[in-house]
Each structure stands twice: as C-alpha cells, then as structure tokens.
Amino acid sequence: MGWLFQERPIDRAYCEQNIVPKYARLIDYSKQGSKHWLLIEANISDAPSLSRDFDPDCNGTVRFIALILTQVDRSSRCAYGHKDIDETMGPYEVSCPMRLIKEASPRINDEYGWRERVVAFHANQRAKRSAKLEAGQTIELEDPLRFTDGKELSRFVVVHHKPPFAKRTRVIFKDPLTGQHYRISHISSRNYRVVDAADAEAA
C-alpha cells in the first residue's frame, strides 16, 4: 500500500477510527517517533484469511501486529501522511516493542521471519546498552534528533568530557561536520548503531 495524506495528525485515536478494520479492535499501541505499532485483535469468523498466518485461540480470536509509518509533507495542505504495513508483509523495521510480540498470536508459516528479527534486534540492543560507548566512536541514531539550535542530526562522534572539579567523566556527542557538542538524554534507550570507521570517513 502506498502513502495516504490527510490534514489530521496520526495518533492512536486516528488509528482506531480510520486504520483498524471495523471488524477488529485495537488492543495495544506504541509510538516510536514516526512509527506507530498496533496490536489488533479480530476473530477468524470475521476475517477467515487470518487463519492462514496466525494460530487462533479456542475462541477463534487472533492478535496480530501492524505498523503505521508516518511523515509530514510541509509543502502540502494535506500535511500528514501514513503507510500501513502488517507483520505478514515482513516489515524492514524491527523495533516493535517486545510486549506486542509476546501478546500476539503464534505465527503460521512466517516466511519472512520478522518476529525472529525483532527478538534478535532487542537482544542486540540489550548487549549494546551493556557495552560502554568509547571515545572516538561514531554512532548513528535511527531517528534524527532536533536540537534547540534548529539542527536535526543523526550521526555523532562520542566524546568523553570531564568538567573541572567533576568526579565523573560525562559522555557528550559531537557533530562530525561542525564539531559542535550536544547532550543526548537517555542514549541507552535510543536505537542507534556504531558506524564502522571506514563508513564514518566516507561520510
């Protein structure tokens, strides 16, 4: 499905009213920047095709995950765009909250292995959070951050800084193009990757 645009922003209420099928209901919801994750419940009596991909419970109920990608088109009056993807399409994005994975119905013939990729992603994130960011590393955030100086950045060089008289060294982040320093709150909970030295130099 392609992108659809409208004047109303995308939020949970919009998803419930306009995206979740009329025969189904929204069970859980999580927003991650421009991504909206939905856990949808339906009965196979209303949607028999669900039984091809999901194992229903004893009541014929199925819970599956959908992803709503969003963007803002500032050049148009219909500024808010969204694109719907359900998990049977094997989305590229794998940051779906684990609680949705645990609450969803078992998959049948998961040809894309999407849930396995989600589990592997979160395992990697846990390992990454347990590892200390080293000075000089270049990291790239999955979702760019907008700062008070108006810049929107996703790539930073890690800097260890110890202010005068401070007991601890602080981790701050440098724009590799300008050298400007920034603070990023809750870095361990954000989705990022450490960029290889060769890739960092090429950029």
Side-chain angles (χ1 to χ4, degrees), residues 1-6 8-72 80-131 139-144 154 186-195:
M1 182 177 180
W3 288 89
L4 298 177
F5 288 85
Q6 73 287 322
R8 177 178 171 181
I10 307 299
D11 54 16
R12 177 170 184 153
Y14 182 91
C15 293
E16 285 189 291
Q17 297 170 15
N18 300 280
I19 295 177
V20 176
K22 299 301 182 184
Y23 58 78
R25 66 190 185 107
L26 183 61
I27 297 297
D28 201 350
Y29 168 90
S30 177
K31 182 179 184 298
Q32 300 173 341
S34 61
K35 297 187 288 288
H36 302 249
W37 296 99
L38 283 59
L39 182 67
I40 299 172
E41 183 179 87
N43 196 282
I44 58 173
S45 62
D46 297 312
S49 62
L50 289 174
S51 61
R52 295 198 303 263
D53 297 294
F54 304 95
D55 186 15
D57 64 16
C58 60
N59 297 316
T61 299
V62 163
R63 290 184 174 186
F64 63 95
I65 299 167
L67 167 64
I68 313 301
L69 297 174
T70 62
Q71 61 173 292
V72 178
Y80 301 97
H82 70 272
K83 182 178 183 179
D84 311 347
I85 307 171
D86 70 61
E87 63 172 296
T88 64
M89 301 175 185
Y92 174 79
E93 291 76 7
V94 291
S95 59
C96 175
M98 280 300 300
R99 73 172 190 273
L100 272 64
I101 297 291
K102 293 176 181 178
E103 294 174 7
S105 300
R107 286 296 310 269
I108 299 175
N109 300 323
D110 184 3
E111 59 179 312
Y112 297 107
W114 178 75
R115 291 191 186 180
E116 287 76 9
R117 289 191 286 121
V118 172
V119 172
F121 167 81
H122 284 287
N124 182 63
Q125 291 297 101
R126 288 192 297 271
K128 183 175 63 179
R129 286 193 290 269
S130 65
I139 66 168
E140 186 169 47
L141 299 177
E142 179 179 315
D143 296 314
S154 60
H186 308 296
I187 185 64
S188 63
S189 64
R190 299 182 185 275
N191 297 326
Y192 68 86
R193 69 184 183 96
V194 176
V195 180

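The first residue of the sequence shown is numbered 1, and numbering continues consecutively from there.
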Is there side-chain contact between [X] and [Y], with at least one heavy-atom pair below 4.5 Å?
X	Y	result
Asp53	Phe64	no
Tyr192	Glu142	no
Leu39	Tyr29	no
Lys35	Asp143	yes
Val118	Ile65	no
Lys83	Gln71	no
Pro97	Gln32	yes

Of the non-hydrogen atoms in [X] and [Y], which two are nearest, and what is the gap between them?
X	Y	answer
Val62	Phe54	CG1-CB, 3.6 Å
Ser105	Arg115	O-NH1, 2.7 Å
Asp110	Arg107	OD1-NH1, 3.5 Å
Ile68	Asp84	CD1-OD1, 3.7 Å
Ala66	Ile40	CB-CD1, 4.0 Å

Ignoring hydrogens and angles, tell me if any N or O in the side chain of [X] forms a donor-acceptor pair with the backbone of [Y] under 3.5 Å.
X	Y	answer
Lys31	Gly33	yes
Arg117	Pro91	yes
Asn59	Thr61	no
Ser154	Glu140	no
His122	Cys96	yes
Thr70	Ser34	yes
Trp114	Glu93	yes

Under 3.5 Å donor-acceptor pairs involving side-chain atoms of residues 18-25, not counting sequence neighbours:
| unit_1 | atom_1 | unit_2 | atom_2 | d |
| --- | --- | --- | --- | --- |
| Asn18 | ND2 | Tyr14 | O | 3.2 |
| Lys22 | NZ | Gln17 | O | 3.3 |
| Arg25 | NE | Glu41 | OE1 | 3.0 |
| Arg25 | NH2 | Glu41 | OE1 | 3.1 |

*Looking at OH of Tyr80 and CG of Asp11, how far apart are the two atoms once the value is rounded to the nearest 0.5 Å?*
10.5 Å

*Drop me the distance from Arg63's CZ to Leu50's CG, to the nearest 0.5 angstrom.*
13.5 Å

*Of all residues at least two apart in sequence or in a different chain, which pass the salt bridge (charged side-chain N to carboxylate O under 4.0 Å, His left out) check with Asp28?*
Arg99

*asked:* Quick one, Val119 with Met98, criterion side chain to side chain contact (heavy atoms under 4.5 Å, CB included). Give me CA distance, side-chain angles, the key distance, then yes/no.
replied: CA-CA 7 Å; Val119 172; Met98 280 300 300; 4.0 Å; yes

_Asn109 CG: over 12 foreign heavy atoms closer than 6.0 Å_ = no

_Any donor-acceptor N or O pair under 3.5 Å, side chains Thr88, Asp86_ = yes

